[in-house]
Amino acid sequence: MKKFLGLLLAVTMLLALVPAAYAAGRFTDVPDGMWFSEAVAFVTQRGYYVGVTETEFGPDITMTRGMVVTVLGRISNVSNALTDSGMITKNGVNFRAESNTNSQILAVLNSGTSVEILGTENNWYRIRANGLTGYVRNDLMTKTNGTFSDVPRAMYYTPYIEWAAREGIVSGMGNGIFAPDMSITREQLCAIFYNFAKRFDVPLQRIQNAGKFADDAEISGWAKTAVYTMRDAGIITGMDATHFAPQGQATRAQVAMLLMRFINTVGQSALPNVGVQYGVPIPESSAVSDGWFAGSCFIGHSMVVGMSNYFNLPNADFLAVNGASAAGLFKFDYFDLEEMTTDEDGEEVPVRGNIEDILQEREASYNKVYIMLGTNDLGPKPEHINSFASYMKQLIALVRETQPGAQIYLINIPPVTEKCSEDSEIFNLQNIRAYNERLAAISASEKVYLLDVFSILVGEDGYLPEDHALADGLHILAPQYAMIKNYLKTHVV
């Protein structure tokens, strides 16, 4: 029903966390009937591990602390996009829903609390802490280079370790050290999974109470509760009937077994899915077909006009207007409604209305609504961006009222060419970045999804490449529309 209405990485072969189709029988070092054979099949078929080579799994190779935390992050769909880190510098800091002192207090944070920085707005940081997204005044926290001094930003495990630290799943080895490349001990393994389950309310039901291990004295005091809870839930066993070996190094086979038992015990549905979060771009997902967009509605400016022309989605609607701004979209009243009337020449023509009219007419017709606005709202003054934000929130409220249950996606503003940026006081990179920060804040406050087309179109120099744009430096070419379509198909909820 298309209606154009109006105008892990290959960082290590020990843990490459990508989908795989390995079966245990493919590995020469995983014979049938071994105690870990089923677990190897479980973790490889789900993409939690691949082999150390095409034919070897490496069951006796020890796992590192960074690898184990990465596994947890991946089964929770944590994004591997690395954001800035920060730390609260005072006690009793109000963590607010909006960037003003009159807004709701979400929590009270104390000095030393690690937070994720999502952006800035006026004199406030937009952050995530304790699973919530909100604001803290700039003078009450500071940016950091990361929670741990020995976790470089470029490593595959860094986003997952930062996530685990913010969520209280890991606290490191002391003195700001995490030791990501150190082999993990069996008691550390229990503690991390126990903290994970506690943080996300994953149930660990006691099915046995076998008493203390004979080597209980060797279990660190901070790990005892975790070790016995995991043992009593049937997720981990001792090295033999009476000994746990808490300081023993956990191997790939042992972690695979624990992971299989953990997921099978608590159930896949009990695991958190924290990768899709409001206020940050949707992480990459498996690609969907064009059929995903059936029943979708795209709202926006000339780039959405281009989507209508290039996407070839006959079962989607496009409410698009060349030159549309967020405010102007509400004033444009030339969308054709289903209702017909007779014009002055006696011809039957559709009744026309504005965006509000057409969304009300098509009440509950759409299962997904994509909104792309902002380029024509750009301006250098605070009142410009504040007006844009106000109209965007009005539009989201209208969509939510008329299309209950529809997923709402905000598409951010694409880059412009260097020449366009340098020649214009309006269409320049500084304004675009500021507006995209505000769009991310709107995504967080209004609880709608965020899509980052800026990042897929921008060149290495920070601008839209000249050969990807029309002469105005603003509008893109057909190959770039194909890139956007592919991005939308691989970033879905």
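Position 1 is the first residue of the sequence, and the numbers go up from there.
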Does one side chain, of T147 or E162, offer a donor that lies under 3.5 Å from an acceptor on the other?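 Judged by distance alone, the side chains do pair up.
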Taking atom [atom1] of [X] as the centre, report whether more than 12 heavy atoms of other residues, nucleotides or ligands fall under 6.0 Å from it.
{"X": "E383", "atom1": "CD", "answer": "yes"}
{"X": "N110", "atom1": "CG", "answer": "yes"}
{"X": "K224", "atom1": "NZ", "answer": "yes"}

Please list all pairs meeting salt bridge (charged side-chain N to carboxylate O under 4.0 Å, His left out) that have one or both residues in [range], counting only residues at least two apart or in different chains.
{"range": "residues 132-149", "answer": "D84-K143, R137-D139"}
{"range": "residues 446-465", "answer": "none"}
{"range": "residues 60-70", "answer": "none"}
{"range": "residues 483-493", "answer": "D290-K485, D290-K489"}

Test the R74-Y160 pair against the cation-pi criterion, namely NZ or CZ under 6.0 angstrom from the six-membered ring centroid and within 45° of the ring axis. no
Who passes side-chain hydrogen bond (donor to acceptor under 3.5 Å, both in side chains) against Y228, sequence neighbours left out? D216
By ring pair (Phe, Tyr, Trp, His ring centres under 6.0 Å), F200 pairs with (sequence neighbours left out) F196
Does A214 offer a backbone N or O that forms a donor-acceptor pair with the side chain of T242 under 3.5 Å?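 Not at all, since once roles are kept as given, no pair shorter than 3.5 Å links the two residues.
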